[in-house]
Each structure stands twice: as C-alpha cells, then as structure tokens.
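Let me begin by presenting the structure, written as structure tokens, before commenting on it.
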Number of protein chains: 2
Amino acid sequence: MSRNITIKDIAREAGVSISTVSFAFNGTAPVAAETKARIFEVIKRLNYQPNSAARGLVTRKTNNICLFTPHPASDFFSFKGNSVFADLLQGIGEVLDQKDHNLLISWENLGHKAKTPKLIKLMRERAMDGVLISLPDHDSSIIEELTEQNFPVVILGSNDLKNQVNSVDVDNYEIAYRNTQHLIDLGHTRIAFISPGPLEFLVCEDRLEGYQDALDSAGIKRKEEYIYIGDENESSGRKAAEHFRLLKEPPTAIVAGRDVQAVGVLDYAAANGLSVPGDIALVSFENTALADKYGITSITTNLYEIGKEGAKLLLKLLNRKKDRPAQNISIPSELIIRSSCGAQTGSA
Amino acid sequence: MSRNITIKDIAREAGVSISTVSFAFNGTAPVAAETKARIFEVIKRLNYQPNSAARGLVTRKTNNICLFTPHPASDFFSFKGNSVFADLLQGIGEVLDQKDHNLLISWENLGHKAKTPKLIKLMRERAMDGVLISLPDHDSSIIEELTEQNFPVVILGSNDLKNQVNSVDVDNYEIAYRNTQHLIDLGHTRIAFISPGPLEFLVCEDRLEGYQDALDSAGIKRKEEYIYIGDENESSGRKAAEHFRLLKEPPTAIVAGRDVQAVGVLDYAAANGLSVPGDIALVSFENTALADKYGITSITTNLYEIGKEGAKLLLKLLNRKKDRPAQNISIPSELIIRSSCGAQTGSA
DNA sequence: CTGAAAGCGCTTACAG
DNA sequence: CTGAAAGCGCTTACAG
C-alpha cells in the first residue's frame with residue numbers, strides 16, 4: 001500500500017503549518033478565507049482523511065460505539081426476530097451515521113471464557129467510546145464494572161439496574177400488564193401466558209411479571225400450568241397451544257410472547273377446529289407484519305425507536321463533562337386491536 | 001474517568017524501561033524470567049491494557065475488521081434469513097475473536113449519499129484493517145477503489161469480480177443448476193423458479209442463471225412466466241405458487257429460492273388441494289430448520305462456513321507482504337433429499 | 001490569523 | 001537482556 005497522505009503533506013503543499021491545516025479542517029480556530037480555500041483545495045486533490053488512530057490518541061476518542069450482548073450471537077440474533085433486529089440496527093446506525101460514529105459489534109461466545117470479558121478488554125484498551133448493551137440477564141457484573149469506571153453505557157431493553165444505568169426500552173412489564181388487562185376487560189379469567197424466550201432474559205421476566213400482576217390485581221388466581229416458555233419459532237406457539245388445550249381446565253385466552261408464537265397458536269387452533277377468538281382469545285407483542293396479516297391483536301415494541309433513542313442518549317453522554325443521574329427512557333407502545341382478541345367483533 | 005494505566009506506569013512500578021515492558025508484554029524480544037515475572041505482576045495488579053490508538057498509530061493496524069454491505073441495513077438483514085444471518089455473524093465472530101480482532105459493521109443508508117462513500121472514508125482514515133463485503137450488486141466501483149489501493153477485501157457471496165478479488169461463497173450458479181437438474185432427472189420439464197430476492201442481488205442472478213442453464217442443457221425451453229421474483233417472506237412463496245397455478249400450462253415442479261418461500265408454496269398447495277410432490281415437486285435452498293420440519297428437499301448454503309472462511313482468508317491477507325492472485329473459495333453444498341421433491345417415495 | 005513545540009502512548013531500531 | 005531515543009500523525013495550548 002502506498003504511503004498515506006498526512007497532515008504534513010497538506011501543510012507543505014498548501015504552504016502553511018500543520019496547526020493551520022488542523023484548524024481549517026476541523027473548524028476549530030479561525031483561518032483566513034483564502035488560506036482556508038487553498039488548504040481545502042489541497043485536501044480534496046490529495047484525498048486527505050485524518051488518521052483516526054493519531055487523532056484518537058490525543059482526543060481520547062475513537063468514534064466507535066459498541067453494540068454488545070453478553071450472549072452468543074446465535075441467541076441474540078435469533079431472539080430478536082428477523083426484521084425486528086434489523087430495525088434495532090437501523091435505528092442505531094442512522095444516528096451514529098449522522099454523528100460520524102462507527103458501530104462495533106461484539107458478543108460473548110460460549111466456551112470462550114477468557115479471564116477478562118471481551119467488553120472489559122475493549123473498554124480498557126479504549127477501542128470504543130461507549131457501549132450499548134442489549135439483552136442483559138441477571139448477571140450485571142460487567143455493566144457494574146463499566147459504570148464504576150464511569151464508562152458510558154446505555155442498556156437497550158429490560159435490565160436489573162433501573163435508576164443506576166441509562167437505559168431505553170419499551171416498558172415490558174407495563175405492556176404485558178396491558179395485554180393481560182385487555183383480556184380481563186373482555187371477561188376472561190382463564191388466561192395463559194407464553195414467554196417469548198427463556199426467563200433468564202429480563203424482557204421475558206418483566207413480561208411474565210406484568211401478566212401476573214394484572215391477574216393479581218383482578219383477583220384472578222395464578223396457575224403454574226398457564227405459563228409456557230416459548231422461543232423464537234412458530235412451533236413453540238403451536239406447542240404452547242397444545243399444552244394449554246390438554247389441561248383439565250384449558251384457558252379461554254392466551255397472551256402470546258411474540259407474533260410468530262401467536263401464528264403458531266392460530267395454526268394449532270385451525271388444525272383442531274378451535275375458533276379464535278371464539279374458543280381462544282389471543283393477544284401478542286411486537287405488531288410485526290405477521291400480526292397484520294393474520295389479524296392478531298398485538299402491542300407495539302418499537303425496536304427502531306429503541307435503537308435510535310439509545311444511540312442518541314449514548315452520544316449525549318459522551319459530550320457531558322459531569323455526571324448526571326441515570327435516565328430511563330421508555331418508548332411508548334400502542335395496542336393494535338385486530339380480530340384475534342374478540343374486542344373488535346364483540347362476539348367473544 | 002480516572003486516568004488510565006499506561007506503559008509508563010508499569011515501567012515505573014516494575015523498575016524497568018518502557019521498552020522492556022513492551023518486549024515482555026508482547027513477547028517481541030527476550031526478557032529475563034524474573035524481570036518478566038515482575039512486569040506481569042504489575043500488569044495484572046494495575047489492570048493494564050495497552051491503548052489501541054497508540055499502538056495502532058505505530059503498527060498501522062487497528063485490529064478492526066469491517067463487515068460492510070452496500071445496501072440499507074433493512075435490506076441486508078432481512079434478505080439473509082433470521083438464523084441465516086446469525087450464522088454468518090457467528091462464523092465471522094468466532095474467527096475474529098480467536099485472533100483478537102474486532103468487528104465493525106457498516107452499511108450504506110439510502111438517501112445518505114455523501115460525497116465519499118462510507119466505506120472509502122473508513123479506509124482512508126484507517127479505521128479498519130480490512131473489509132468483508134456482503135451482498136454486493138453490479139456496482140463494484142467501491143470494491144475496485146479499495147483493491148486499487150491494495151486494501152484487503154474479501155467478498156462474502158456472489159460477485160462480479162471473480163479472479164480479481166478474494167471471495168468466499170457457495171456456488172450459487174452450481175447449486176441452482178443442481179436443484180433444477182434434480183427435478184429434470186425426476187422427469188419434470190415444466191419447472192418454475194422463484195428468485196430469493198430482487199435480481200440486482202448477484203446471488204439471485206446467479207441462481208437464475210444456474211436454473212436456466214440446466215434447462216438449456218436438457219433441451220427444455222425457458223418460459224418467462226415460469227420465473228417469479230420472491231422475497232424473504234413466506235407470502236411470496238404463496239403468491240408465486242398462485243401465479244404459476246393460474247398459467248395456462250402450470251409447472252409440475254418448482255425451484256423455490258429459499259426455504260421460507262417453499263413453505264409458502266406448501267401452504268398454497270394445502271389450501272388448494274394440491275399434492276406435493278404429486279402435483280408440484282418442490283426443491284429449495286438453505287436447508288434451514290424449516291426444510292427439515294416440512295419435509296422440503298433443500299440444498300445447503302452454509303453461511304456459518306462462509307463467514308468463517310471469509311474471516312480466515314481476510315486475516316491471512318493482512319499478514320502477507322506481497323500480493324498473491326485472488327482466491328475464490330467455494331463452500332461445498334449438499335442436496336438433502338426429503339419428501340417434497342418426489343425422489344424419496346418414487347411415487348411422483 | 002498563523003506557527004513552533006509539546007505531547008498523546010505506544011513500538012522499534014540502535015547501542016550497549 | 002535492557003534502556004534511551006526517535007517517531008507514528010494528529011491536537012492544542014502558547015506566543016506572536
């Protein structure tokens with residue numbers, strides 16, 4: 001590779017000092033109009049782009065933001081649905097793009113139990129300015145270590161550290177409560193719940209709690225057998241529906257953990273001559289294209305907005321001198337009523 | 001944030017010079033055993049991690065590898081199926097992890113037509129050591145600019161630049177040919193094709209050509225109406241099946257572009273009293289869990305291996321002094337026979 | 001408005 | 001085996 005153009009080349013070619021080039025290029029000090037024009041002519045002609053390592057060494061900034069998950073990639077990217085994950089990334093990317101930041105992406109591989117967790121290593125070697133953490137579980141030791149060092153962190157999604165760490169999320173507790181309450185309002189008392197994934201993910205736990213508290217508030221007794229742990233596959237919805245159906249007292253309504261699970265429930269119902277919402281009233285989360293297509297009542301979980309607001313918040317943190325109390329941003333959700341819950345037709 | 005531990009701190013604390021610390025830490029020159037022990041004790045105690053910017057400034061390496069797509073994130077991540085994309089990332093990540101490299105991820109947002117493409121900017125400011133390019137289309141100007149500068153590039157997937165640029169892919173032409181040939185061997189002559197996505201993606205074009213050439217070789221006349229441009233949604237498979245069914249001369253076999261489309265075809269068939277493989281023989285690509293679940297004959301497209309081999313190849317490039325001719329690695333594919341094609345039962 | 005100089009935290013010849 | 005010194009390409013006081 002041929003030698004790269006440096007600030008010295010520009011300075012020599014433009015007949016000025018390197019400080020003047022730096023001032024002009026960065027707009028960080030006034031430079032005479034003609035000088036500036038000459039400098040920029042040379043910059044353009046020579047295709048100059050400042051070396052980020054050199055710049056980073058003195059400014060102590062990399063302009064890299066890390067999106068991290070303390071889980072293997074497969075868990076992470078499968079857990080988030082297809083389009084849903086793209087939305088998160090798109091939201092983050094748009095904001096970072098605009099502010100000239102790069103996106104680093106990292107996860108903890110199973111079995112790769114290094115002495116130093118990857119993220120801590122990245123922080124110590126200053127490979128990034130801040131981190132967005134997604135899908136945290138109960139082990140918040142990494143997050144605590146980062147925040148102790150005053151390293152800028154924003155959590156995307158449910159977390160254990162409310163009020164201590166900046167975060168952006170939909171209120172999973174609240175939307176599960178709302179979904180459940182909606183079914184209660186429609187007269188149901190035998191209401192089952194499918195978790196969108198394993199309960200070690202806080203998003204799942206939060207939703208379960210919201211569901212349970214809604215039942216409690218309505219004076220409806222919880223039933224262990226009304227809870228099914230699903231996953232990102234449609235089949236888990238089908239299996240859940242079957243599990244519920246085989247109970248002595250089958251539920252009359254189901255809170256599915258995600259739209260694809262709701263589709264599985266619909267599938268099981270159709271295959272077994274059950275009517276939705278007649279025999280089973282159904283609500284879900286995400287409000288993806290699937291919900292629209294199959295007429296599933298679903299509450300929005302706007303990952304695009306989470307990504308966007310998360311990135312914005314992190315960037316704001318980077319520009320602040322003094323500490324401020326942690327901010328917990330909640331992205332509003334909307335319950336989209338369709339045919340599956342029985343509210344629309346009134347014929348439930 | 002408190003001041004960070006530097007090599008100076010280690011040197012002072014260990015009572016040696018900074019060169020010795022550097023030599024010991026990097027194993028880049030012999031250091032007396034006791035000296036080394038003392039140094040590492042201090043390193044551990046003080047949690048030292050070398051500053052990557054400082055190191056990068058002199059070594060001219062960032063240890064960052066960029067995964068880039070010249071398309072908006074939504075296109076990219078949706079195009080690759082859910083798990084399929086996770087597999088690609090997982091493959092890349094495992095290799096980079098092991099070699100202590102970080103993954104930068106970048107894409108070209110629509111409407112964000114900057115004067116300098118993002119990737120070129122990243123290259124010029126030396127924010128990464130090399131780049132993996134995924135989902136390229138016919139506009140290879142960016143890739144050409146990178147290779148002209150001798151910047152290390154590996155293309156993941158189909159590309160226009162065979163023999164000029166390093167690449168790793170399944171042979172999309174060949175697997176489409178093989179899929180089609182399989183149906184021909186089963187006696188079909190009216191064979192339709194669903195593209196996995198828009199033809200601007202080279203992977204789609206390659207598969208279309210493989211399909212067409214298989215027909216040509218068998219002396220079967222191509223029919224424009226036997227080609228349907230699908231997308232990443234199941235519904236596109238359903239629509240394709242309907243489109244084909246309404247033709248005057250409906251096909252007796254379909255090469256679906258991806259498993260989820262094949263599921264759509266099955267769905268349409270079931271809803272319309274058509275038997276698979278009786279009325280429609282069906283083959284597909286990807287061999288995901290869906291194929292297994294629904295008994296779809298499908299040819300593997302191992303994205304995990306593509307990611308892994310791509311990352312390995314790129315890392316090898318980084319360590320080479322002199323140029324070598326571009327390498328085009330082909331990941332082998334396997335046709336997994338299941339019930340949908342009619343080969344298994346012989347009752348097609 | 002402009003320039004000379006120090007310094008960011010490393011690596012790497014070069015001496016010894 | 002170890003250390004003093006130069007230098008990577010920038011930014012940023014400091015003088016003028």
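Below, read A as the first sequence line, B as the second, and so on, with proteins coming before strands; counting in each chain starts at 1.
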Any protein N or O atoms within reach of nucleotides 12-16 of chain C? Criterion: under 3.5 Å, listing atom names and distances.
none

Counting only side-chain N and O atoms of [X], is one of them less than 4.0 Å from OP1 or OP2 of [N]?
X       : N      : answer
A/Arg60 : C/dG9  : yes
B/Asn26 : C/dT11 : yes
A/Ser17 : C/dG3  : yes
B/Thr20 : D/dG3  : yes

Gap between atoms [atom1] and [atom2], on [X] and [N] respectively (whole Å):
X        : N      : atom1 : atom2 : answer
B/Gln49  : C/dG9  : CD    : P     : 15 Å
B/Asp9   : C/dC10 : CG    : P     : 9 Å
A/Arg124 : C/dC10 : CZ    : C1'   : 18 Å
A/Arg126 : C/dG9  : CZ    : P     : 10 Å
A/Arg55  : D/dC8  : CZ    : P     : 19 Å
A/Asn51  : D/dC8  : CG    : C1'   : 8 Å
A/Glu34  : C/dT2  : CD    : P     : 8 Å

Classify the nucleic acid contact of [X] as base, sugar-phosphate or nothing, counting any heavy atom under 4.0 Å across all strands shown.
X       : answer
A/Phe25 : nothing
A/Pro50 : sugar-phosphate
B/Ser52 : nothing

- [ ] Let me know, please, whether A/Ala53 or B/Arg38 comes out on the 5' side of the other along DNA chain D by nearest nucleotide.
- [x] B/Arg38
- [ ] Keeping the roles fixed (side chain from A/Ser134, backbone from A/Thr69), state whether a donor-acceptor pair exists under 3.5 Å.
- [x] no
Open item on the list: Taking pairing as Watson-Crick or G-U wobble with both contacts under 3.5 Å, can you name the mate of D/dA13, or confirm there isn't one?
Closed with: none
Open item on the list: Strictly below 4.0 Å, N to O, side chains only: are B/Arg38 and B/Glu34 in salt-bridge contact?
Closed with: no
So if I take every side-chain heavy atom of [X] and compare against [options], which nucleotide ends up nearest?
X       : options               : result
B/Ile7  : C/dC10, C/dT2, D/dT2  : C/dC10
A/Tyr48 : C/dC10, C/dG3, D/dC10 : D/dC10
B/Lys8  : C/dC8, C/dC10, D/dC10 : C/dC8

Ignoring hydrogens and geometry beyond distance, is a side-chain donor-acceptor pair present between [X] and [Y] at under 3.5 Å?
X       : Y       : value
B/Glu94 : B/Gln98 : no
A/Asn26 : A/Arg55 : yes
B/Ser22 : B/Ser19 : no

Task: Parallel, tilted or perpendicular, as decided by the 30° and 60° cut-offs, for the rings of A/Phe40 and A/Phe25 - done: parallel
- [ ] Check the pair A/Ser140 / A/Asp160 against side-chain hydrogen bond (donor to acceptor under 3.5 Å, both in side chains), numbers first and verdict last.
- [x] CA-CA 7 Å; A/Ser140 45; A/Asp160 264 351; 5.2 Å; no
- [ ] Specify the closest pair of heavy atoms between A/Ile142 and A/Leu119, including all atoms of both residues, with the distance to one decimal.
- [x] CG2-CD2, 3.7 Å
